[in-house]
Trainee: 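What follows is a structure written as structure tokens; I'll ask about it next.
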Amino acid sequence: MGYGWLPVLLVAALVHASAGAPLHAQTGTREARSAVDRAGAAPTVETAGAVDAEALDRALARAEALAPLTSLLIARDGDLIVERYFRGMRADRAVNVKSISKTLMWPLVGIAIRDGVLGGVDEPLHELLPDYTAGWQCGSASPPEPRRCDITLHHVLSMTTGIEGTSFGNYGEWVSSRDWVGDALRRPMVCDPGACFEYSTGNTHLLGAVLTRRTGKSLRTLLRESVFDDLGIPVHAWDRDPQGRYLGGNNMAMRPRDLLTFGQLVLDGELVPSDWITASWRSNIVSPWNGHRYGYLWWIDRWGGEEAYFAWGYAGQYVVLVPRLELVVVATSSLADRRSGHTRRLRDFFDEYVVPAFK
């Protein structure tokens, strides 16, 4: 049962720095890697390389008990080691990956910076969205809130703008507003830029609006042209705001296999420039509510004694990369059967079962 997993890579690039710049594919080739353990059974040490087979068996047994986990996929050095589905989930089914969508915005920003569509992480937010921020009066001698004029793309990417967030208890009010970009920008300052971690889907929606403005294309088109189409990844259901802009950072639907392909290409350094990965995996701040570090749209923690970089979505959606072990892990969980403590149990699962099995 052939997966066609990890197809020949065609890297796309944003070109031209002017507004309305078109998106063109910049092609390169790479041999598709073989998929190991196509039936999804526990691998042997011979087929999986440096894997503790007994530890992996224990991990898979633990996964079976982790309701409401719906899928677990593990690749080592580009080889598919485990592909398991639980509780009615199927390989061909796309699921809402929630805030993994934020990390799917990440390659677009890196490509845009590389090709001059964006001026770099120090570009001021008020220059990126001038019509929305005219009231900030950042060019005047005495702006009413000077701190807003100090917000840069770096702060947006690292969730440190200092603006009150639109997630958690504010999310419903935000998506009920008439203009999600305007609402995200009008919220009060809660700290100086860079001084506090304020997780906000509004930040990644601002990124989508900026990219759309600079390229003249919708966020859906940009993602298709730069990442999805050339990897054979379809674009499934996706929310839009009242102005018709696709929601940057939430409620995208993807298949677990496609998340694994995305994670593998990031790990292999074939999706974005290497300096963008280095910059994005550098810790900027520690989240006060979960203790994880945060880079640019990637979470960072130490699991199984190894540095792990991960995309994380509400209720237990994960793409985990462990570079030293050449490991990519994808997990999805039911949104209909949410259970208290599930994400904590999943983090413990990665830390105590998955990563140690590959050391």
Trainee: Does a side chain donor of either Tyr296 or His154 reach within less than 3.5 Å of an acceptor in the other side chain?
Mentor: yes
Trainee: Could you state the interatomic distance from CG (Leu206) to CG (Leu128), rounded to the nearest 0.5 Å?
Mentor: 9.5 Å
Trainee: Side chain of Thr133, backbone of His126: donor and acceptor closer than 3.5 Å?
Mentor: yes
Trainee: Taking atom CZ of Arg93 as the centre, does the number of heavy atoms from other residues, nucleotides or ligands within less than 6.0 Å exceed 12?
Mentor: no
Trainee: For Glu123, check salt bridge (Lys or Arg N to Asp or Glu O under 4.0 Å) against everything at least two apart and list the hits.
Mentor: Arg214
Trainee: Are the side chain of Arg148 and the backbone N or O of Leu185 linked by a donor-acceptor pair below 3.5 Å?
Mentor: yes
Trainee: Give me the atom names and distance for the closest heavy-atom approach of Ser71 to Tyr85.
Mentor: CB-CD2, 3.6 Å
Trainee: Compare all side-chain heavy atoms of Met189 with those of Ile163 and state whether any distance is below 4.5 angstrom.
Mentor: yes
Trainee: May I ask you to test the Lys359-Arg324 pair for a side-chain heavy-atom distance under 4.5 Å?
Mentor: yes
Trainee: Considering only NZ, NE, NH1 and NH2 on the basic side and carboxylate oxygens on the acidic side, decide whether Arg62 and Asp57 come within less than 4.0 Å.
Mentor: no
Trainee: Identify, with sequence neighbours excluded, every residue that meets ring pair (Phe, Tyr, Trp, His ring centres under 6.0 Å) alongside His155.
Mentor: none
Trainee: Looking only at non-hydrogen atoms, find the nearest pair between Val266 and Ile277 and report the distance.
Mentor: O-CD1, 3.6 Å
Trainee: Thinking salt bridges, do Glu173 and Arg178 make one under a 4.0 Å N-O criterion?
Mentor: no
Trainee: Is Glu307 salt-bridged to Arg302, going by a charged N under 4.0 Å from an acidic O?
Mentor: yes
Trainee: Checking Ser101 now: which residues fulfil side-chain contact (heavy atoms from CB on, under 4.5 Å) with it, not counting sequence neighbours?
Mentor: Val97, Met252
Trainee: Would you say Ser158's side chain and Asn284's backbone share a donor-acceptor pair under 3.5 angstrom?
Mentor: no
Trainee: Side-chain contact, heavy-atom cut-off 4.5 Å: Val329 with Leu73?
Mentor: no
Trainee: Within the side chain of Asp52, is there an N or O that forms a donor-acceptor pair under 3.5 Å with the backbone of Ala55?
Mentor: yes
Trainee: Sequence neighbours left out, what passes side chain to side chain donor-acceptor pair (under 3.5 Å) with Arg345? Give chain and number order.
Mentor: none
Trainee: What are the two closest heavy atoms between His342 and Ala315, and how far apart are they?
Mentor: CD2-O, 3.4 Å
Trainee: From Thr204 OG1 over to Leu247 CG, what is the distance, rounded to the nearest 0.5 angstrom?
Mentor: 7.0 Å
Trainee: Do any N or O atoms from the side chain of Thr103 and from the backbone of Ala311 form a donor-acceptor pair under 3.5 angstrom?
Mentor: no
Trainee: Asp348 vs Tyr353, test: side-chain hydrogen bond (donor to acceptor under 3.5 Å, both in side chains). Steps then yes/no.
Mentor: CA-CA 8 Å; Asp348 291 345; Tyr353 289 87; over 6 Å; no
Trainee: Looking only at atom types and distance, does a side-chain atom of Thr160 sit under 3.5 Å from a main-chain N or O of Val156, one as donor and one as acceptor?
Mentor: no
Trainee: For Asp258, is there any backbone N or O sitting under 3.5 Å from a side-chain donor or acceptor partner on Arg255?
Mentor: no
Trainee: Which residues pass the side chain to side chain donor-acceptor pair (under 3.5 Å) test with Thr161, not counting sequence neighbours?
Mentor: none
Trainee: Between Arg347 and Asp351, is there a side-chain N and carboxylate O pair less than 4.0 Å apart?
Mentor: no
Trainee: Look only at the side chain of Arg76 and the backbone of Leu325, and say whether a donor-acceptor pair between them is shorter than 3.5 Å.
Mentor: yes
Trainee: Going by distance alone, is a donor N or O of one side chain under 3.5 Å from an acceptor N or O of the other, for Asp275 and Thr278?
Mentor: no
Trainee: To the nearest 0.5 Å, tell me how far Leu223 CG sits from Asp229 CG.
Mentor: 10.0 Å
Trainee: For a 4.5 angstrom cut-off between non-hydrogen side-chain atoms, does Ser333 reach Gln317?
Mentor: yes
Trainee: Identify the heavy atoms of Gly208 and Met105 that sit nearest to each other, and give their distance.
Mentor: N-CE, 3.4 Å
Trainee: Report yes if some heavy atom in the side chain of Leu153 is under 4.5 Å from a heavy atom in the side chain of Leu125; otherwise report no.
Mentor: no
Trainee: Given the rule in the ring pair (Phe, Tyr, Trp, His ring centres under 6.0 Å) test, do Trp281 and Tyr309 qualify, once you have shown the distances and angles that lead to the verdict?
Mentor: CA-CA 7 Å; Trp281 286 358; Tyr309 306 88; 4.2 Å; yes
Trainee: Just jot down the ring pair (Phe, Tyr, Trp, His ring centres under 6.0 Å) partners of Trp136, sequence neighbours excluded, or say none.
Mentor: none
Trainee: Rounded to the nearest 0.5 Å, what separates atom CE in Met254 from atom CH2 in Trp238?
Mentor: 10.0 Å
Trainee: Please identify each residue that fulfils ring pair (Phe, Tyr, Trp, His ring centres under 6.0 Å) with Phe168, with sequence neighbours left out.
Mentor: Tyr199, Trp289
Trainee: Would you call Leu267 and Pro323 a side-chain contact if the rule is heavy atoms closer than 4.5 Å?
Mentor: yes
Trainee: Please identify which of these residues, Leu327, Val320, Val322, meets the side-chain contact (heavy atoms from CB on, under 4.5 Å) condition with Phe350.
Mentor: Val320
Trainee: Taking atom types as modelled, is there a side-chain donor on Tyr246 or Asp241 under 3.5 Å from an acceptor on the other?
Mentor: no
Trainee: Only counting residues at least two apart or in another chain, list the ones meeting side chain to side chain donor-acceptor pair (under 3.5 Å) with Asp131.
Mentor: Arg213
Trainee: How many angstroms lie between CG in Leu207 and CG in Leu297, if you round to the nearest 0.5 Å?
Mentor: 6.5 Å
Trainee: Does Leu335 sit in a hydrophobic cluster with other residues, and if so which ones, taking ILVMFWY side chains as linked at heavy-atom separations under 4.5 Å, directly or through other members?
Mentor: Tyr314
Trainee: To the nearest 0.5 Å, how far apart are CD1 in Ile74 and CG in Leu60?
Mentor: 6.5 Å
Trainee: Ignoring hydrogens and geometry beyond distance, is a side-chain donor-acceptor pair present between Lys102 and Thr201 at under 3.5 Å?
Mentor: yes
Trainee: For a 4.5 angstrom cut-off between non-hydrogen side-chain atoms, does Leu56 reach Phe358?
Mentor: yes
Trainee: Would you indicate whether the side-chain heavy atoms of Arg220 and Arg240 approach each other to under 4.5 Å?
Mentor: no
Trainee: My understanding is that only residues two or more places apart in sequence, or in another chain, count here; which of them pass ring pair (Phe, Tyr, Trp, His ring centres under 6.0 Å) with His292?
Mentor: Trp299, Phe310, Trp312
Trainee: Judged by atom type as modelled, is there a donor-acceptor pair below 3.5 Å linking the side chain of Asp79 to the main-chain atoms of Ile81?
Mentor: no
Trainee: With sequence neighbours excluded, tell me which residues meet side-chain contact (heavy atoms from CB on, under 4.5 Å) with Thr70.
Mentor: Met89, Thr332, Ser334
Trainee: Write out all pairs satisfying disulfide bond (SG atoms under 2.5 Å apart) with one or both partners inside residues 184-221, taking only residues at least two apart or from two chains.
Mentor: Cys191-Cys196
Trainee: Keeping Trp303 on the side-chain end and Ala308 on the backbone end, is there a donor-acceptor pair under 3.5 Å?
Mentor: no
Trainee: Grab the two heavy atoms, one from Arg87 and one from Ala67, that are nearest each other, plus how far apart they are.
Mentor: NH2-N, 3.4 Å
Trainee: Are Trp106 and Ser280 linked by a side-chain donor-acceptor pair shorter than 3.5 Å?
Mentor: yes
Trainee: Please give me the minimum heavy-atom distance between Leu321 and Gly263, naming the atom from each residue.
Mentor: CD2-O, 3.5 Å
Trainee: For Gln243, I'd like to know if atom CD has over 12 heavy atoms of other residues, nucleotides or ligands within 6.0 Å.
Mentor: yes
